[in-house]
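In what follows, a single structure is set out as structure tokens and then discussed.
The chains referred to below are lettered A, B, ... by the order of the sequence lines, with proteins before strands, and numbering in each begins at 1. The basis for the numbers below is simple: all heavy atoms, side chains too, and nothing from hydrogens, waters or symmetry mates. What you see is a predicted model, and the numbers here were worked out from it, not measured in a lab.
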Number of protein chains: 2
Amino acid sequence: MMKTIDHKKAAMDILRAKALKVTPQRIALITEISNAGHISTDQIYKKMKNEFPSISAATIYKIIDIFLDKHILKEIRITAGKRRYELKKEPHAHYVCTICGQISDLYLSSEDLLRQIRSKGYSPAGCEIYFYGSCPNCCDK
Amino acid sequence: MMKTIDHKKAAMDILRAKALKVTPQRIALITEISNAGHISTDQIYKKMKNEFPSISAATIYKIIDIFLDKHILKEIRITAGKRRYELKKEPHAHYVCTICGQISDLYLSSEDLLRQIRSKGYSPAGCEIYFYGSCPNCCDK
DNA sequence: CTGACTGCAAACGTTTTGCACGGTA
DNA sequence: TACCGTGCAAAACGTTTGCAGTCAG
């Protein structure tokens, strides 16, 4: 119980910090993404349907757009078809298991890469790194 | 003129090497992607409309699917909305200029990254790296 | 000659838009 | 109360599919 309240409070804090209106739908969206990690729009829709049977997909897209603008969410592009989102946190790479489909966060140092690219005259503001392969779990089997 | 013939011949060689049927549409698609570098499906469609006014978008999607299967093309996911493709070549990173939109190929050594990720128990088969920022051209202005 | 490729049209899934209503600040 | 957020419906995209005619091998 306490946990649920904590999550709700955390979501409200995120919204207030960005001067956004606090609505149940927005709290729920943050909560779902926070729980699921890397979640696609239709997964979000299905999950939120449980709590808000009358919710519209349009609402979800609108909230996502606002959250992307305000840098609350980050879009991850592991597959061409489906967009996925995660709460913005420390920069990290993603490992996509091509067997079970699970996505893991990898905290790697990209200092070496940045050094290489700066020496070529580029000054990147952002970086996205995706790895593909079988994860330790799937390798064991 | 000689150049055009060379391009055409190169495209035919690619198709024959993969035991695919050689059609004018496929040759043109390879040529366009080869010329444009990183091109989106609708750009391909518009360009090919010039040469083949009656071409169907479905044909382009079908050819792209086959080429992806045969590893002639590589899909690049720099934006969520539009899919882009490039001819497959040496592994490399992409730099996307957030000002002019130009995409550059960067040949970097990712040995250091791979070492880090292997030490965590992962064995990636593939890797995609995207950088975002202003390119040297746009910085100068 | 035969199977594969193309073009067409329709279907499909996802995302966007406009409007009226309802809720937050 | 005033404005912003939501839900609904329709439209706009991008992509996929099935079919019939055509072409490359």
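Among the protein residues, A:Thr59 comes within range of the nucleic acid bases, having at least one heavy atom under 4.0 Å from a base atom. Using a 4.0 Å heavy-atom distance criterion, A:Thr23 is classed as a sugar-phosphate-only contact.
For the pair A:Ser54 and D:dC8, the criterion of a side-chain N or O lying under 4.0 Å from OP1 or OP2 is not met. Side-chain N/O atoms of A:Gln25 include one lying less than 4.0 angstrom from OP1 or OP2 on D:dG7. A sub-4.0 Å separation between OP1 or OP2 of D:dG14 and a side-chain N or O of B:Arg83 is absent. The side chain of B:Arg16 contributes no N or O atom lying less than 4.0 Å from OP1 or OP2 of D:dG25.
In summary, A:Lys62 and A:Asp65 do not engage in a salt bridge, as defined by a charged side-chain N under 4.0 Å from a carboxylate O. Contact check on A:Lys9 versus A:Asp6 returns no salt bridge, with no Lys/Arg side-chain nitrogen under 4.0 Å from an Asp/Glu carboxylate oxygen.
The CG-P distance, from B:Asp65 to D:dT17, rounds to 8 Å in whole Å. Between the P atom of C:dG13 and the CD atom of A:Gln43 lies a distance of 17 Å, rounded to the nearest Å. With rounding to whole Å, A:Ile66 atom CD1 is found 9 Å from D:dC4 atom C1'. Put simply, NZ on A:Lys21 is 7 Å from C1' on D:dG5, counting in whole angstrom units. Atom CD1 of B:Ile60 is separated from atom C1' of C:dG7 by 11 Å (rounded to the nearest Å). As a whole-Å value, the separation of A:Leu15 CG from D:dG5 P is 11 Å. Atom CD1 of B:Ile27 and atom P of C:dT6 are 11 Å apart (whole Å). Atom-to-atom, CZ of A:Phe52 to P of C:dG22 comes out at 17 Å; the value is rounded to the nearest Å.
Listed nucleotides C:dT14, C:dT24, D:dG14 differ in distance to B:Tyr61; the shortest reach to its side chain belongs to D:dG14.
Residues B:Glu128 and A:Tyr130 have side chains that never bring a donor and an acceptor to within less than 3.5 angstrom of each other.
A donor-acceptor pair under 3.5 Å links the side-chain atoms of B:Arg26 to the main chain of B:Lys21, judged by distance alone. Of the possible donor and acceptor atoms, none in the side chain of A:Glu75 sits under 3.5 Å from a partner among the backbone N and O of A:Arg84.
Residue A:Lys62 places a side-chain atom within donor-acceptor reach of the base of C:dG18, judged by atom type and a 3.5 Å distance cut-off alone.
Nearer the 5' end of DNA chain D, as judged by each residue's closest nucleotide, is the contact made by A:Leu20, out of B:Leu20 and A:Leu20.
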